[in-house]
Amino acid sequence: EEFEKKWLIDFIKKDTALISYPKSGRTWLRMILATILDKSDINISKYEMLPAFHHSPREMVSKFGNNCKSLKIVFLYRDPGDVILSLYAAMASSSKHNSRLGVHYVGSRSNFIRGNLQWDGLDHDTEIVDWNKKFGIGGTIKYNNEWHVALKHFRDFKVVTYEDIHSDTFKTIKDLLDWLSFDCSDEIIKEAIKHSEFESMWRIEHGQGKNNLRHYKGSFGNSHQNKGRVRQGKVRAYLDDLSEEELEYVMEMKKKSLW
């Protein structure tokens with residue numbers, strides 16, 4: 001209810017939350033779900049399928065209290081190698097003035113991956129330490145591992161992976177809708193997927209085409225901020241894009257993942 005009042009939106013599934021680490025494909029999934037609502041004749045200026053957060057389990061409890069564990073969780077997971085590559089591109093390409101987060105990364109990619117971060121926009125050492133704990137491949141894996149442990153303490157959960165959406169979008173979305181107990185035709189799902197394809201998302205981000213997220217939390221396609229959020233849309237691109245040294249570090253760190 002707090003977020004419905006804040007964002008002037010009602011959620012279809014009030015007992016369920018979408019959780020993900022940044023750059024895990026949340027905008028893509030939200031666009032598909034919003035388009036499904038739109039094509040189901042549900043007013044998307046007033047309704048969203050479910051609330052979405054980047055909170056850690058501890059942040060969820062801190063913000064909403066232990067009652068949050070009565071929620072059902074959709075956890076969106078993406079390979080940390082792709083996440084860190086996409087997050088670096090986003091953080092390094094925007095200045096602190098046009099970043100949603102108000103900060104800009106000014107160091108090297110290798111240091112970003114390792115969590116040895118340099119920021120423009122953070123003034124205090126404590127802020128820098130807090131941010132450095134959240135980012136880097138270590139921060140990504142830590143976040144995902146915390147949710148891996150925490151999910152069983154919530155009322156119910158479903159894990160959806162970026163890789164599954166990429167490889168079989170229709171099946172993955174249909175399975176999710178079945179779990180959410182939201183009924184719609186296969187044709188609507190296919191139309192929503194078509195509207196949310198990579199090329200379409202890129203056009204929408206640059207002001208061309210119908211932005212079904214325009215009434216929702218976030219800035220996708222709504223301003224000059226974060227142009228370039230839609231990047232390659234590839235799976236395991238980091239295997240080719242990282243240097244040999246960077247890739248070796250990422251693969252070693254991934255051994256700590258519980259996923």
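As a basis for the values below, the full set of heavy atoms in this structure was taken, side chains included, without hydrogen atoms, waters or symmetry mates. Just so you know, residue 1 is the first one in the sequence shown, and it goes up from there.
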Give the intermediate values and the outcome of side-chain contact (heavy atoms from CB on, under 4.5 Å) for residues Y143 and T140.
-> CA-CA 5 Å; Y143 176 95; T140 307; 6.0 Å; no
Worked check of side-chain contact (heavy atoms from CB on, under 4.5 Å) between K13 and S181 | CA-CA 9 Å; K13 301 298 177 180; S181 298; 4.3 Å; yes
Could you give me the CA-CA distance, side-chain angles and deciding distance for F53 and M60, then say whether side-chain contact (heavy atoms from CB on, under 4.5 Å) is met?
-> CA-CA 9 Å; F53 306 103; M60 286 290 286; 4.2 Å; yes
Quick one: do Y88 and S108 satisfy side-chain contact (heavy atoms from CB on, under 4.5 Å)? Show the steps, please.
-> CA-CA 9 Å; Y88 165 75; S108 69; over 6 Å; no
Intermediate values then yes/no, side chain to side chain donor-acceptor pair (under 3.5 Å), T35 and N212 = CA-CA 6 Å; T35 306; N212 288 330; 2.9 Å; yes
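Salt-bridge annotation for D15 and R155: present, with a side-chain N of the basic residue lying under 4.0 Å from a carboxylate O of the acidic one. Comment: E199 does not engage R203 in a salt bridge, judged by the lack of any side-chain N to carboxylate O separation of less than 4.0 angstrom.
Within the 4.5 Å cutoff, no side-chain heavy atoms of I12 are placed close to those of L50. Taking the side chain as every heavy atom from C-beta outward, L151 and F75 approach each other to under 4.5 Å. Looking only at side-chain heavy atoms (C-beta outward), I73 and T16 stay at 4.5 Å or farther from each other. Looking at L176 and L29, their side chains come closer than 4.5 Å, going by heavy atoms from C-beta outward. Residues Y77 and N144 meet the side-chain proximity criterion, which asks for heavy atoms closer than 4.5 Å. The shortest distance between side-chain heavy atoms of T161 and V159 falls below 4.5 Å. Counting only heavy atoms from C-beta outward, the side chains of H54 and S24 never approach each other to under 4.5 Å.
Heavy-atom minimum distance, I9 versus E48: CG1-N, 3.8 Å. Looking at every heavy atom in both residues, A237 comes nearest to L85 through C-CD2, 4.4 Å. When every heavy atom of L213 is checked against every heavy atom of A34, the shortest pair comes out as CD2-CB, 4.0 Å. Listed here is the closest heavy atom pair of L180 and M49: CD1-CG, 4.3 Å. For the residue pair I204 and G209, the shortest heavy atom distance occurs at CG1-C, 4.2 Å. Looking at every heavy atom in both residues, V61 comes nearest to K69 through CG2-CE, 4.0 Å.
L247 and I137 fall within the same hydrophobic cluster, defined by Ile, Leu, Val, Met, Phe, Trp and Tyr side-chain heavy atoms under 4.5 Å apart, directly or through other members.
Judged as a side-chain hydrogen bond (donor to acceptor under 3.5 Å, both in side chains), and not counting sequence neighbours, S185 has no contacts. For the side-chain contact (heavy atoms from CB on, under 4.5 Å) test, residues two or more places apart in sequence or in another chain that qualify with R236 are D79, D82, E163, Y238, L239.
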Taking distance alone, no hydrogens or angles, what donor-acceptor pairs closer than 3.5 Å link side-chain atoms of residues 186-193 to residues at least two apart or in another chain?
residue, atom, partner, partner atom, Å
D186, OD1, K174, NZ, 3.0

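Separating the CZ atom in R26 from the OG atom in S20 is a distance of 5.0 Å, to the nearest 0.5 Å. Rounding to the nearest 0.5 angstrom, the gap separating the CG atom in L242 from the CD1 atom in I113 is 5.0 Å. Note that CG of L18 and CG of L33 are 7.5 Å apart. Values are rounded to the nearest 0.5 Å. The line from CZ of R114 to CD of E246 is 7.0 Å long, rounded to the nearest 0.5 Å. The NZ atom of K152 sits 12.0 Å away from the CH2 atom of W147 when rounded to the nearest 0.5 Å. A distance of 10.5 Å separates NZ in K210 from CE in M31, rounded to the nearest 0.5 Å.
Side-chain atoms of N145 come within 3.5 Å of backbone N or O of K256 as a donor-acceptor pair. In this structure a side-chain-to-backbone donor-acceptor pair under 3.5 Å is present from S200 to H195. Using modelled atom types, one side-chain atom of T172 and one backbone atom of D164 make a donor-acceptor pair closer than 3.5 Å.
By the 6.0 Å contact criterion, CD on E59 is enclosed, its count of non-hydrogen atoms from other residues, nucleotides or ligands being greater than 12. Within a 6.0 Å radius of NZ in K142, other residues, nucleotides and ligands contribute 12 heavy atoms or fewer.
The aromatic rings of H148 and W259 lie perpendicular to each other, with more than 60° between the two planes, well past the 30° mark. Using bins of under 30°, 30° to 60° and over 60° for the plane-to-plane angle, the ring pair Y105/F112 lands in the perpendicular bin.
Remark: aromatic rings of Y47 and Y216 are distant, center separation not under 6.0 Å.
With Y21 as the fixed residue, the side chain to side chain contact (heavy atoms under 4.5 Å, CB included) test singles out one of V83, I84, L76: V83.
Both tests pass for K72 against the ring of W179: distance under 6.0 Å to the centre and angle within 45° of the axis.
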